[in-house]
Amino acid sequence: MTFLHQYPKAAKVAKANFIVAFIALAIGGLFGFIQALHRTDVFRGFFNSGEYYTLLTGHGVLLALIFTTFFIAGLFVWGVTRSLDREPENMTFTWSWFWLMTIGLIMTAVTILGGLVPDSSIRAAVLYTFYPPLQAHPAFYIGLALVIVASWMAGADWFWSYNKWRKNHPDERIPILTFMALFTMMMWYVCTIGVAVEVVGLLIPWSLGWVTEIEPLLPRTLFWYFGHAVVYFWLLPAYYVWYAILPKLSGGRLFSDAMTRIVFVIFLLLSTPVGYHHQYADPGISVGFKFYAMATTMLLLLPSLMTLFTVVASMEHGARQRGGKGYLKWIGKLPWDSPAFVGCALAGIMFAAGGFSGMINASMNINLLIHNTIWVPGHFHLTVGTAVALTFMAISYWLIPQLTGRKLKFKTLALIQPYAWFLGMTLMSNAMHRAGLAGVPRRTAEPQYSGFEFEPIFGTMAEMDWQIAIGGTILTISLILFLWVITASWMGGEKSDRPVDDYIPEPLSGAEHTPKILDNMKLWFALAIILVLLAYSFPLWEMISDGIFEPGALPRPS
Amino acid sequence: MTENHSNSDSDSRNSSKRLVKILVIVGIGIPVLVELMTLFNLINVQIFDDEEVQEQPEPVAEVRQVTEGDTLFRDYRFPVTIELLRINVSAQEWRFELGLSVPDSVDREPLEIELDSMQLNSGKILAAGRNRSWNIQEGHTPPRIQAEWELPNGDIPGTLYISSFQQMQNDTASRVQQEVPLGNIPVRYNRE
Amino acid sequence: MLIINMPDETSHSTDANSNSTEPAKSWEQRNPEIEREITIDEYQPTGTLTLTLLYFAIVVLMWIFMYFVEFAGNAPSIID
Amino acid sequence: MIVFFIATVVYGFVAMDLKVIGNYETIDPQNLSDTPFGTPGVKEVTKNGATEYEVYVQTLQFAFLPGTSSPITVPADTRITFYITSPDVLHGFDVAGTNLNTMAIPGQISKFTTIFPEAREYGIVCNEYCGPAHHIMEGKIEVVPKSEFDKSNLVE
């Protein structure tokens, strides 16, 4: 018996979410490949430099917002259903959030792709940060709003299941797979308030022409209120996999249930009041607020370092159970021939590296060295582009068989895929970081200027361009391998009652050793709100006290 | 893998072991090497090579690029001056504007100027299209020639091919073509 | 009590009538790739500690380099 | 470790003069002509008895004014205060290869002070996406030795 047979309704929902996620991944990945060749001047024949920004918007929105959100929805449907042992409460409701989210996605995608149609008036080349006064077609904003509202409904669905479960199990601890999902969603509720107010309250009326002027700093601030917490919305599901499934894939057990819960509580509390660290170079925000954001951001290192320890300790436990010895020799005993394990482990290593460049980004003044340079995409291709995306891909090798009842095909290709991703990403991101130190900007079609040349610390610009292009090509090959393996297994894999060993062993140190207060969701949610109010109420008031749309700027088409 | 209970013979087991070895060496070894080289180079350049002034290689002598105010057909009887060179961006359009002026002496002799084609930075060639030829004759002379092209959004002209049919010094009429490598073209947003 | 996938486990168990929340055999005992089971009391994550300290050392050294050499030596800077 | 990181940042901020910009003043982006940004360029001021310079820059789609069609010329080893704002959309003002890096936001004024240690040319890059020709938006700063600084190009 596998998940598909036990929970056929939930399996169908999870599969639908994964299909959308993988289509978004395929298109977004293709755009990324074209960009890698375009901006490095290796090949510019696909699109011209104006259309580059349409592709860039598509790459960002499809991967960072659509692929992640749909994959996370599928993953949580799987986890919540399984750990509570209940199908979703009401399938009409469940399918309605799925379809609402899909409609929103289609509206947004159509406005973006409209930019590639000659003479089209439907455009949305505003990048995934959509800073006004650059203005996109109203359907772009409405679609985004629908995606967010639908994701709220998805969260409500899981809380609904949890409440029903609680009635039958009044004294039990929240199962850890549900605990992590619910805390991630609470964090999501807190942080999406910002972008919802921005999109619904400011941008939709403005893009429809009901108001003409907009104050650019306010929406930008509201965006970043959401914009950094959203990275934790991507990251926490990766942590979810690392805590819940990776220990078992390594041959061991989760080291500590208590650590896991503490980490998720801290993320709920601190993810949102850090947004100003994206605005260190902005005028109109006092240094004091920037400093506060730096302090909270740095505190967020703590749960990530705790995760590093707990997850590595769980893997080490597995390695030692498999016969590993010594201080470091045990690493060789890990299952380096299992695609799901290798993907998660390499993603974790990349995250450790990305953590370092993240510390630079987060530190108020050194941030100016690399602010808005290609160092920043170099950083987040390590974190969201690998730690998250590679984990999602890897765990698909383990989840898809459970959801389809079919065995994985082409295991050799599946095994090559994460190694190829790791290699490609190292090459690409290494060169991006180095180019960023030389001052090469991000978000540009042609980083070559006529009046001056960049001076890299060592190496040459041409060499870095080639490294980015080669890395991007290897990544594309890896992506094709992934999509091929998944499609082939999904359509033609051998049917089996038990295509994978899907048993998850209990933690070494279980929930009985975990303080009960960690399960008190109301308490932590309230504290999270208070911290947000502390961080944001005063500066936001400062911005809107002279009028919400003042000082106003006129819209510019994208 | 744990789910793999197959009784695979030792051959395939060995070959899969070899594959993992290769993957680890290529997939993890090369990345580690790249990072170590980066670290070494960074520290080497910043800490040990501080006094060394990097000799910038002489830029390769570039073709002189033509900008506003420059003169075409300089060695001929009727030089043509570029008076306007800009790209106007508006809501849906990306419009290249070119303005040329000819000397007053054209009054006495006929002059023909033709814009042949244009190569964009993306590599595309735009043919001249309609109304790209001016016959400037005695009497009704526009002192200034203005032409506009609608370009694909985001593309910038790189080279202009322009020809002039004019009286040469020895009183024969002849067609001369000039290839004009365009330098920085200002791009401005234009609010209608 | 934390129950993860208990229905799956019991259904898979050879003893179908077993109602116990713990499987008859632990996961480790059923898994052919696992040589020995290690309990919480005998497990010392020394390797993890080694790796973590190594990582910390690298990060701190890189930080000092980035901050005081790359950044502070990159004048002009915003001084006011 | 976390404390150490924050401590280095504070040390750099306080002891090594590595600052970031803060809140200055707001401005009506549709009406810059009545402000000092109406005549953008380099101005001479006297502060605490010393000669300093102020530079008013507009960032627009797709040029720095001044900076793009003519370089911003300033003397070395002198305090220079930049005032930057945008009449249209968000832009970046990054002096390539240095720590001078700030956003230009319509309605806000970015103000920072710096000293250029040597006479040389610097490139200015717009590092925030500002429209379909974003990649051609560049400018130049020409730093000349203090003794050779020509004051005839200053604006009032």
Side-chain angles (χ1 to χ4, degrees), chain A residues 1-3 6 82-83 85 171-173 175-177 244 248 251-253 255-257 305 308-310 312-324 326-331 335 352 355-356 359-360 363 365-366 368-369 437 457 498 501-512, chain C residues 1-13 21-23 26-56 58-80:
Chain A
M1 286 286 277
T2 187
F3 188 87
Q6 264 181 298
R82 173 188 166 118
S83 62
D85 189 19
D171 300 319
E172 278 178 35
R173 302 303 294 264
I176 193 139
L177 278 172
K248 171 250 163 64
R253 289 162 181 265
F255 185 53
S256 162
D257 174 273
L305 295 176
L308 168 82
F309 190 85
T310 313
V312 176
S314 310
M315 286 162 66
E316 185 187 354
H317 178 248
R320 293 197 188 277
Q321 293 207 121
R322 293 164 63 96
Y327 280 104
L328 295 175
K329 249 179 101 184
W330 54 271
I331 297 172
F356 176 72
M359 293 168 205
I360 305 276
S363 303
N365 45 16
I366 192 173
L368 298 186
L369 176 63
L437 283 178
I457 298 166
R498 210 177 160 75
D501 170 14
D502 60 354
Y503 176 62
I504 297 179
E506 287 191 22
L508 271 180
S509 163
E512 63 278 8
Chain C
M1 179 173 53
L2 179 77
I3 311 172
I4 294 177
N5 199 26
M6 192 198 60
D8 188 350
E9 188 50 33
T10 43
S11 68
H12 187 61
S13 162
T21 52
E22 280 294 290
S26 74
W27 174 67
E28 281 85 354
Q29 286 163 320
R30 284 185 290 106
N31 198 315
E33 299 212 339
I34 287 173
E35 292 184 7
R36 65 197 176 97
E37 190 175 341
I38 300 172
T39 64
I40 179 83
D41 302 320
E42 53 184 323
Y43 176 50
Q44 295 291 334
T46 48
T48 304
L49 200 65
T50 316
L51 279 180
T52 312
L53 292 178
L54 211 63
Y55 176 67
F56 280 21
I58 294 172
V59 164
V60 168
L61 284 176
M62 282 297 290
W63 171 271
I64 292 172
F65 177 75
M66 288 293 298
Y67 199 93
F68 292 102
V69 180
E70 290 292 344
F71 172 54
N74 203 33
S77 302
I78 294 178
I79 57 171
D80 199 5

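Throughout, a chain's letter reflects where its sequence line sits, starting with A, and its residues are numbered from 1.
Side-chain polar atoms of E28(C) and Q321(A) form a donor-acceptor pair below 3.5 angstrom. With hydrogens and angles left out, the side-chain atoms of N31(C) and Y503(A) include no donor and acceptor closer than 3.5 Å.
Listed options G326(A), G318(A), G252(A) were ranked by heavy-atom pairs under 4.5 angstrom with chain C; first place goes to G252(A).
In this structure, the portion of S363(A) lying under 4.5 Å from any heavy atom of chain C is its side chain and not its backbone. Within the 4.5 angstrom heavy-atom criterion, only side-chain atoms of Y43(C), from C-beta onward, approach chain A. Residue D171(A) does not touch chain C at all, counting heavy-atom pairs closer than 4.5 Å. With a threshold of 4.5 angstrom between heavy atoms, L328(A) approaches chain C through side-chain atoms but not through N, CA, C or O. Contact of S77(C) with chain A is not made at all, since no heavy-atom distance falls under 4.5 Å. For T46(C), the parts lying near chain A are the backbone and the side chain together; criterion is any non-hydrogen pair under 4.5 Å. Residue Q44(C) touches chain A through its backbone alone, counting heavy-atom pairs closer than 4.5 Å. If you measure heavy-atom distances from M359(A) to chain C, the contacts under 4.5 Å come from both the backbone and the side chain.
Between L308(A) and T52(C), the closest side-chain pair of non-hydrogen atoms falls below 4.5 Å. The shortest distance between side-chain heavy atoms of L368(A) and I78(C) falls below 4.5 Å. Between L51(C) and I331(A) there is a side-chain heavy-atom pair separated by less than 4.5 Å. Residues L437(A) and M66(C) meet the side-chain proximity criterion, which asks for heavy atoms closer than 4.5 Å.
Within the model, atoms CD of E70(C) and CG of L369(A) stand 7.0 Å from one another, a figure rounded to the nearest 0.5 Å. To the nearest 0.5 angstrom, F356(A) atom CZ is 10.5 Å from I58(C) atom CD1. Atom CG of N365(A) is separated from atom OH of Y67(C) by 3.5 Å, given to the nearest 0.5 angstrom. Atom CH2 of W63(C) and atom CD1 of I366(A) lie 5.5 Å apart (nearest 0.5 Å). Note: T48(C) OG1 to E316(A) CD = 3.5 Å, rounded to the nearest 0.5 Å.
Across all their heavy atoms, Y55(C) and A352(A) have their closest contact at OH-O, 2.6 Å.
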TODO: Could you walk me through whether I360(A) and F71(C) pass the side chain to side chain contact (heavy atoms under 4.5 Å, CB included) test, one step at a time?
DONE: CA-CA 10 Å; I360(A) 305 276; F71(C) 172 54; over 6 Å; no
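Between R322(A) and E33(C) there is a salt bridge, with a side-chain nitrogen of the basic residue lying less than 4.0 Å from a carboxylate oxygen of the acidic one.
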